[in-house]
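Here is how names work: the chains are called A, B, and so on, in the same order as the sequence lines, proteins then strands, and each is numbered from 1.
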There are 2 protein chains.
Amino acid sequence: MRGDPVRGHLDGLLLAALEGGPLHGYAIITAVQQRSAGALELRTGTVYPALNRLERTGLLRSTWESVGERRRRCYELTDAGRRALADERTAWREFTSAIGSVLDPGRAPRPAT
Amino acid sequence: MRGDPVRGHLDGLLLAALEGGPLHGYAIITAVQQRSAGALELRTGTVYPALNRLERTGLLRSTWESVGERRRRCYELTDAGRRALADERTAWREFTSAIGSVLDPGRAPRPAT
DNA sequence: TTCAATATGTTGGTTGCCAATACATAGCAC
DNA sequence: GTGCTATGTATTGGCAACCAACATATTGAA
């Protein structure tokens, strides 16, 4: 997969990963990797700043967890985050429909005229 | 549609627009716009440098046309361009499958395990 | 005569992800 | 007891790719 593959879709991926319940950053990375069958390998330099930003903008909320001596920061969706996820899904469908209608018209039929 | 929507998929769009026959830059822009039902409005600052690059790398070939006093540069796919288009389609399907399996699992089933 | 459409191009800026780096705990193999 | 890997969070600097704005010219309609 060509460089910067998730560009523009990162927020949606992170929100979607958290839809099933709270996860910490590292677990989000592995969850995304597994759900995409290994295709998407998010980098820490990509994920942690993004999670931080999503919390700042109110789409996520975080709490610190302790497992023995180790600390993890656990993120969960807020109500606004759930709404944002729905919006990301809509945007994703519009996006794939738009690009697909030009690039791959057999698979993604043109929007009704 | 959020900013930079075509990022990473521009080459595929341009190649696909030319699959049906030669077109000049301005016509490519309107063709993409029409085929996407208005969703994709490519900018001249995006398209012309990209066409130039695709010609430099041998995926397109161009000839100057004259219509009255006006000059247009007509692009067409080379054989390499046709192969590149096929690759772009494959990459597009893999891309949508990967992102979709995380973001929109109901619509884009996970790749076979 | 002014405006919009047609037509091609360049320049500079921003965005957003990535690579590299840093650091700490935990568990396993040897 | 030492190293290696996995787990875990975070920052910094860089850069590619697209966009906005600008520049220029012809054509045709109001």
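- Residue A:H24 is the one, among A:H24 and A:R7, whose nearest nucleotide of DNA chain D lies closer to the 5' end (criterion: closest heavy atom).
- One interatomic measurement links the two molecules: CG of B:L42 to C1' of C:dG9, which rounds to 16 Å at whole-angstrom precision.
- Going from atom OH of B:Y48 over to atom P of D:dA23 covers 18 Å, rounded to whole Å.
- C:dG16 atom P lies 16 Å from atom CG of A:N52, rounded to whole Å.
- In this structure, of C:dT8, D:dC19, D:dG8, it is C:dT8 that holds the atom nearest to the side chain of B:R73.
- Although no hydrogens or angles enter the test, the distance criterion places no donor-acceptor pair under 3.5 Å between the side chain of A:T78 and the main chain of A:R61.
- Remark: P of C:dC17 and CZ of A:R53 are 7 Å apart, rounded to the nearest angstrom.
- Between the CD atom of B:E69 and the C1' atom of C:dT6 there is a distance of 15 Å, rounded to whole Å.
- Considering only side-chain atoms of A:P49, the nucleotide from D:dA6, C:dC18, D:dT11 that sits closest is D:dT11.
- Rounded to whole Å, the distance from CZ on B:R71 to C1' on D:dT27 is 17 Å.
- In this structure, the CZ atom of B:R43 is 17 Å from the C1' atom of D:dA23, given to the nearest Å.
- Between B:T44 and B:T30, the residue anchored nearer the 5' end of DNA chain C, judged by the nucleotide with its closest heavy atom, is B:T30.
- Taking 3.5 Å as the limit, the base of C:dT6 and the side chain of B:R70 contain a donor-acceptor pair of atoms between them.
- Inter-residue side-chain proximity for B:L14 and B:L42 is flagged as met; some heavy-atom pair is nearer than 4.5 Å.
- Rounding to whole angstrom units, CD1 of residue A:I29 and P of D:dA6 are separated by 14 Å.
- Looking at B:R89, its side chain does come within 3.5 Å of a backbone N or O of A:L103 through a donor-acceptor pair.
- Side-chain contact between B:L18 and B:L85 is absent, with no heavy atoms from C-beta onward closer than 4.5 Å.
- Looking at A:S62, its side chain never comes within 3.5 Å of a backbone N or O of A:C74 through a donor-acceptor pair.
- Within 4.0 Å of B:G45, counting heavy atoms only, lies at least one base atom of the nucleic acid.
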